[in-house]
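In what follows, a structure is listed as structure tokens, so that the remarks can point back to it.
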Amino acid sequence: MLGRFVEVFVIGFATPLTAACALPLYPGFLAYLSSQGEETALPSGVLAGLVTLGVIAFMGLVGVLFSFLLGESLTTVVEVVSPVAFGVLAVLSVALIFDLDLAHRLPTKEPPQTSHPASTAFGYGFFFGAIVLPCNPGLLALFFARAPVLFDTPVEGLLGFLLFGIGMGTPLLLFGLVSQSAGQRVTRTLAQHSSGINRVTGAVMLLVASYYLLVVFDVAGVSPVVGPYFEAVFGAFSA
């Protein structure tokens, strides 16, 4: 179970760092922390923690919707949802490999502002989660494809969504704990290497999608033929 949760956390952590439309939000986030720290008695680390809680709250809401309100255990839809999700993931992976912009038409808005800095920080995180989640369709598809495989009950599914949210919020928390100049250097580096990041991410996701489609679900009836090759590849990575 720990390994499953670590996998979901890693996917969540990578989601905002590889989302093209999320990168412009980081400088604004750092500027927001700086200005709020000057106007209030709350240190930037506390504000960043509240922003992270907002991200987790958003994913928790999504988790309740998918794990409980839909009224189905995640395992009951594995056979239907997972092959489709991995098929979508394969298509999106190819788009990433060719560095196609998958989110340039998504609208962007300013984070909500309230009279209280704590609620504003929480709302910023909730807004961040709502923007970034559809902004990185590749890793989002990977998460939704893996969730039915990893979690057997609605409670486990909700915990998975929460850990995905913790992973998404962790970069914001880390940026809030470092200096503004250091955080800006990181965001500039990510932006400069976004094409390479997209291609590496796409290649990894295509490998994962192909494995599940051709070996685990055997949609083409070629699992006995290609299975040993995939096992050799994954064995080389784990060696």
Here the salt bridge (charged side-chain N to carboxylate O under 4.0 Å, His left out) pairs for residues 6-18, sequence neighbours left out, are Glu7-Arg146
Gap separating the [atom1] atom of [X] from the [atom2] atom of [Y], nearest 0.5 angstrom:
| X | Y | atom1 | atom2 | value |
| --- | --- | --- | --- | --- |
| Leu163 | Met168 | CG | CE | 13.5 Å |
| Leu206 | Ile97 | CG | CD1 | 5.0 Å |
| Leu53 | Leu172 | CG | CG | 11.5 Å |
| Thr170 | Phe175 | OG1 | CZ | 11.5 Å |

Are the side chains of Leu174 and Phe13 in contact, using a 4.5 Å heavy-atom criterion?
yes
Heavy-atom distance under 4.5 Å between the side chains of Phe9 and Ile166, does that happen here?
yes
Working note: Val51 + Phe122, criterion side-chain contact (heavy atoms from CB on, under 4.5 Å); need CA distance, chi angles, decisive distance, verdict.
CA-CA 5 Å; Val51 172; Phe122 183 87; over 6 Å; no
Using distance only, find each side-chain donor-acceptor pair of residues 216-226 under 3.5 Å and give its atom names and separation, not counting sequence neighbours.
residue	atom	partner	partner atom	Å
Asp218	OD1	Gly221	N	3.1
Asp218	OD1	Val222	N	2.8
Asp218	OD1	Ser223	N	2.9
Ser223	OG	Val215	O	3.3

Closest heavy-atom pair and its distance - [X], [Y]:
| X | Y | value |
| --- | --- | --- |
| Val64 | Leu158 | N-CD1, 3.7 Å |
| Leu47 | Ala121 | O-CB, 3.8 Å |
| Val132 | Pro16 | CG1-CA, 3.8 Å |
| Phe164 | Met59 | CD2-CE, 3.4 Å |

Using side chain to side chain contact (heavy atoms under 4.5 Å, CB included) as the criterion, list what pairs up with [X], not counting sequence neighbours.
| X | value |
| --- | --- |
| Leu173 | Ala48, Thr52, Leu177 |
| Val91 | none |
| Phe126 | Ala57, Phe58, Leu61 |
| Tyr229 | none |

Phe230: partners by ring-ring contact (aromatic ring centres under 6.0 Å, His included), with sequence neighbours left out
Tyr211
